[in-house]
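Read the structure below first, then the notes.
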Amino acid sequence: SPRQKEVKGNITAYRNRKGCWGIVVPAGCDSSLKFTMFCAQNSGSTNDCLAWELCAMKRVVDNGLLPAKYFFIGDEAFCNGPQMLVPYSSTRIGVAKDSFNFHLSSMRQCIERAFGVLTKR
């Protein structure tokens, strides 16, 4: 993933892995689809996990500033950590872990819907 100084003037850094133009925006929202946190500082070619590492939201978690009852929910691109929940990988994970993945995916749909409302999709 390119560093900020490498991106300046390099328009191709804003192409993501699917060939579309964009930026990586880690974000959080509440159950009403209201954005509560976001970070829009990385070009589209930046890996999601790296974008999270560079984001102020991660520092909130790392410094214990996020109340203990709250968690960020990530997809497979993220690493599991304190207050960051990600699904189990693999296809043969057993019933309990598969159930966990199902419920985690259901909760992650909230942010997906919030982005959909934002972009009017």
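Position 1 is the first residue of the sequence, and the numbers go up from there.
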With rounding to the nearest 0.5 Å, note down the distance linking [atom1] in [X] to [atom2] in [Y].
{"X": "S43", "Y": "I23", "atom1": "OG", "atom2": "CD1", "result": "9.5 Å"}
{"X": "C55", "Y": "D48", "atom1": "SG", "atom2": "CG", "result": "11.5 Å"}
{"X": "C29", "Y": "M37", "atom1": "SG", "atom2": "CE", "result": "12.0 Å"}
{"X": "I93", "Y": "D98", "atom1": "CD1", "atom2": "CG", "result": "5.0 Å"}

Any non-hydrogen side-chain atom of [X] less than 4.5 Å from a side-chain atom of [Y]?
{"X": "M57", "Y": "P26", "answer": "yes"}
{"X": "F78", "Y": "F72", "answer": "no"}
{"X": "L54", "Y": "N42", "answer": "yes"}

Checklist entry - Hey, mind stepping through F71 and M84 against side-chain contact (heavy atoms from CB on, under 4.5 Å) and telling me if it holds? => result CA-CA 6 Å; F71 292 84; M84 171 59 89; over 6 Å; no
Item to check | ILVMFWY cluster, L118 and W21 together (side-chain gap under 4.5 Å) | outcome: yes
Next on the checklist: Membership question, hydrophobic clusters at under 4.5 Å side-chain separation (ILVMFWY): are L50 and V60 in the same one?
Outcome noted: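 Result: no, two separate clusters.
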Do you know the tightest heavy-atom contact between [X] and [Y]?
{"X": "L104", "Y": "V86", "result": "CD2-C, 3.4 Å"}
{"X": "Q83", "Y": "Y70", "result": "NE2-O, 2.8 Å"}
{"X": "P87", "Y": "G74", "result": "CD-O, 3.3 Å"}
{"X": "G28", "Y": "I111", "result": "C-CD1, 4.0 Å"}
{"X": "N80", "Y": "L85", "result": "OD1-CA, 3.6 Å"}
{"X": "T46", "Y": "A51", "result": "CG2-N, 3.9 Å"}

Checklist outcome for this item: Sequence neighbours excluded, the answer for salt bridge (charged side-chain N to carboxylate O under 4.0 Å, His left out) partners of D75 is none
Checklist entry - For residues 53-67, which residue pairs qualify under side-chain hydrogen bond (donor to acceptor under 3.5 Å, both in side chains), counting only residues two or more places apart or in two chains? => result K58-D62
Checklist outcome for this item: Residues pairing under ring pair (Phe, Tyr, Trp, His ring centres under 6.0 Å) where one sits in residues 90-121, two or more places apart or in two chains, turn out to be F35-F115, Y88-F100
